[in-house]
Amino acid sequence: MMDANIIIVGAGCAGMQLINALLKLPAELTGDILLIESNRKIIHKSWCFWTHKQSEYDFLMGKHWSELKFGSSKSNSSSDITPYRYNYINSELFFEYHNQLISSSSRVKVVHEEVTMFKSDSNLKQVHTQNNVYQAQHVYSSIIDYSSIENNKILLWQHFKGWFIKTEQAVFKSNQATIMDFNIAQGNAVHFMYVLPFSETEALIEFTSFSSLDCYSDQEYDAYLKKYISEKFNCSYELIREERGKIPMTEFEFPACSSDGIIHIGSAAGAIKPSTGYAFNRISRHTEYLMKCFLTNNINIKKMPGLGRFHFYDTLLLQIIQNQPEKVSVIMEQLFLNNSFKQILSFLDESTSLLQELSLFNTLPKRLFLKQVFKYVQAQL
């Protein structure tokens, strides 16, 4: 049995942000830290989020945009979002920075093993792997078991495939990111395109679906991408690289800790916003909260913030995505037509007042949402 003061299970976005925060503390406060990750190779991806103030990871941002665009069959609108900015981080740079941070620290040890179970023994928590048993006073884990989600809870998927392309002609507006473009075939799910230009000739163009399926075939993704690029930009281009992934969208309220006292982080703590899939900012805020708990020896860890009225709003939209996906583009169209982009970003960041939220909902299809409220109340009975 091997001991450490802190064990972190999972070297993803949440695990690395936690490591970064812990290593800013004196070594006598943290003691030895063990990081357990089953995969030696992390799948690289793009992380986007918006801020209106300085961020912890500003130095890693590969690009930011001061203007956003929304597109649908009835409307194409764009707006300057200052003081907000929409930010992009390449996870490859993110992990490279944190791995260097870990390598230069004598208090962090990394092992690549698969965790099989957790146990509690007196004041210590045990982490069992296929090869060893580790124990520590503090254990944080990002392992998520989707089978634990109750059967009566919605579980959908945001799945996507994106192409990084380089065009021969200047076709992109480099300071404007397209957050949603519904001008593509919808099928029996929610489909939209997402465009992040890095220059006038380079961009990430991504097809995204909200559906009960967790992926499409490569042929289906590629058909949407080819058609969109051809119709929207009508240009020759070189495919530089691809990315794809999937993100859970669920109303399930993830517990802050397990029954064994293991503290959840990242997806396991509910850091992914159910209705949008955005997580980077929420992970950062959760990390700050966990650090305060660590420094004050607070063991009564609370669930992720946002499980009040914002969780209710998310659940209403998930119900619509699940049962009436064809209505989502109409909802988004009304949202972006009748509200400022800044107000929408503030709402999605869960920083609006109740009065502001009522004003926003007043611009959306009222009968549709009232039906969802009735369904929600019935489900709680």
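A salt bridge links Asp222 to Lys161: one of the charged nitrogens lies within less than 4.0 Å of a carboxylate oxygen. Using a cut-off of 4.0 Å between Lys/Arg side-chain N and Asp/Glu carboxylate O, Lys109 and Asp32 are scored as not salt-bridged. Arg282 has a carboxylate O that lies under 4.0 Å from a charged side-chain N of Glu350, or vice versa, which qualifies the two as a salt bridge. Classification of Lys24 and Glu56 as a salt-bridged pair holds, one side-chain N sitting under 4.0 Å from a carboxylate O.
The number of heavy-atom neighbours closer than 6.0 Å to NZ of Lys366, taken from other residues, nucleotides and ligands shown, is above 12. In this structure, Gln54 places its CD atom where only 12 or fewer heavy-atom neighbours from other residues, nucleotides or ligands lie under 6.0 Å away. A 6.0 Å sphere centred on CZ of Phe374 holds no more than 12 heavy atoms belonging to other residues, nucleotides or ligands. A 6.0 Å sphere centred on CG of Leu354 holds more than 12 heavy atoms belonging to other residues, nucleotides or ligands. At most 12 non-hydrogen atoms from other residues, nucleotides or ligands lie less than 6.0 angstrom from CG of Asn188. By the neighbour-count criterion of 12 heavy atoms within 6.0 Å, atom CG of Asn131 is densely surrounded, having more than that number from other residues, nucleotides or ligands.
By the criterion of side-chain heavy atoms lying less than 4.5 angstrom apart, applied directly or through intervening Ile, Leu, Val, Met, Phe, Trp or Tyr residues, Phe294 is grouped together with Leu290 in one hydrophobic cluster. Residues Phe95 and Leu101 are members of one and the same hydrophobic cluster, defined by side-chain heavy-atom contacts under 4.5 angstrom among Ile, Leu, Val, Met, Phe, Trp and Tyr. Taking hydrophobic clusters as Ile, Leu, Val, Met, Phe, Trp and Tyr residues chained together by side-chain heavy-atom distances below 4.5 Å, Leu355 does not share a cluster with Ile344.
Under the side chain to side chain donor-acceptor pair (under 3.5 Å) test applied with Tyr134, the options His128, Glu113, Gln126 reduce to a single match, Glu113. In summary, of the residues considered (Leu34, Val108, Leu22), a side chain to side chain contact (heavy atoms under 4.5 Å, CB included) with Ile6 occurs for Leu22 alone.
The backbone N or O of Leu345 sits nowhere less than 3.5 Å from a side-chain atom of Asp349 that would complete a donor-acceptor pair. Looking at Asn39, its side chain never comes within 3.5 Å of a backbone N or O of Lys41 through a donor-acceptor pair. A donor-acceptor pair is defined here as one N or O able to donate and one able to accept, closer than 3.5 Å; such a pair exists between the side chain of His191 and the backbone of Ala185. At least one donor-acceptor pair closer than 3.5 Å links the side chain of Asn5 to the backbone N or O of Thr30. Panel note: side chain Glu333, backbone Lys74; a donor-acceptor pair is recorded below 3.5 Å. Of the possible polar contacts, none joining the Gln324 side chain to the Gln322 backbone as a donor-acceptor pair under 3.5 Å is found. A donor-acceptor pair is defined here as one N or O able to donate and one able to accept, closer than 3.5 Å; no such pair exists between the side chain of Tyr88 and the backbone of Ser46. Although no hydrogens or angles enter the test, the distance criterion places no donor-acceptor pair under 3.5 Å between the side chain of Thr201 and the main chain of Lys166. Panel note: side chain Glu357, backbone Phe347; no donor-acceptor pair is recorded below 3.5 Å. Under the 3.5 Å distance criterion, the side-chain polar atoms of Glu220 are matched with a main-chain donor or acceptor of Ser217.
The closest side-chain heavy-atom distance from Phe336 to Ile179 is below 4.5 Å. Within the 4.5 Å cutoff, the side chain of Glu202 has no heavy atoms near those of the Ile240 side chain. By the 4.5 Å heavy-atom criterion applied to side chains, Val195 and Tyr228 are counted as neighbours. Residues Phe312 and Val373 meet the side-chain proximity criterion, which asks for heavy atoms closer than 4.5 Å. When side chains are defined from C-beta on, Thr178 counts as touching Lys69, because their heavy atoms get closer than 4.5 Å. Residues Asn132 and Val111 are not in side-chain contact: their nearest non-hydrogen atoms beyond the backbone lie 4.5 Å or more apart. Between Trp163 and Lys226 the shortest side-chain heavy-atom distance falls below 4.5 Å. Pro197 is not listed as a side-chain neighbour of Gln176, based on a closest heavy-atom distance of 4.5 Å or more.
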ring-ring contact (aromatic ring centres under 6.0 Å, His included) between Phe198 and Phe172, intermediate numbers included: CA-CA 9 Å; Phe198 301 105; Phe172 303 115; 9.4 Å; no

What do the steps show when you test Gln372 against Leu368 for side-chain contact (heavy atoms from CB on, under 4.5 Å), and what is the final call? CA-CA 7 Å; Gln372 303 313 311; Leu368 177 60; 3.8 Å; yes

Could you go step by step and tell me if Met61 and Phe49 meet the side-chain contact (heavy atoms from CB on, under 4.5 Å) rule? CA-CA 10 Å; Met61 290 178 191; Phe49 56 99; 3.6 Å; yes

Using side-chain contact (heavy atoms from CB on, under 4.5 Å), reason through Lys173 and Ser78 one step at a time and then give a plain yes or no. CA-CA 12 Å; Lys173 191 174 180 180; Ser78 60; 5.7 Å; no

How far apart are the C-alpha atoms of Tyr84 and Tyr86, what are their side-chain angles, what is the distance that settles it, and do they pass the ring-ring contact (aromatic ring centres under 6.0 Å, His included) test? CA-CA 7 Å; Tyr84 287 101; Tyr86 194 75; over 10 Å; no

Passes side-chain contact (heavy atoms from CB on, under 4.5 Å), Tyr194 versus Phe160? Steps please. CA-CA 10 Å; Tyr194 178 63; Phe160 53 88; over 6 Å; no

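Smallest separation of non-hydrogen atoms from Thr250 and Leu318: C-CD1, 3.6 Å. Between Leu317 and Ser275, the closest heavy-atom pair is CD2-CB, 3.8 Å. Closest of all the heavy-atom pairs between Ile283 and Gln17 is CG2-NE2, 3.6 Å. Shortest non-hydrogen contact noted between Ile143 and Val9 is CD1-CG1, 3.6 Å. Heavy-atom minimum distance, Lys125 versus Ser120: CG-OG, 4.1 Å. Shown here for Thr51 and Ser55, the closest heavy-atom pair between the two residues is CG2-CB, 4.4 Å.
Residues Phe280 and Tyr278 keep their aromatic ring centres 6.0 Å or farther apart. In summary, the aromatic rings of Tyr224 and Tyr216 are positioned with their centroids too far apart to meet the 6.0 Å limit. In this structure, the ring of Tyr57 has its center no less than 6.0 angstrom from the ring center of Trp47. Ring pair Phe341/Phe70: centre-to-centre distance not below 6.0 Å.
Note: Ile301 CD1 to Ile262 CD1 = 12.0 Å, rounded to the nearest 0.5 Å. Rounding to the nearest 0.5 Å gives a distance of 7.5 Å between CZ of Phe164 and CD of Glu206. How far OG of Ser141 is from CD1 of Ile263: 11.0 Å, rounded to the nearest 0.5 Å. To the nearest 0.5 Å, the span separating SG on Cys257 from NZ on Lys302 amounts to 13.0 Å. Atom OG of Ser79 is separated from atom CD of Gln343 by 12.0 Å, given to the nearest 0.5 angstrom. Note that NZ of Lys371 is 10.5 Å distant from CD1 of Ile320, once rounded to the nearest 0.5 Å.
Looking only at atom types and distance, the side chain of His264 has no donor-acceptor partner in the side chain of Ser258 under 3.5 Å away.
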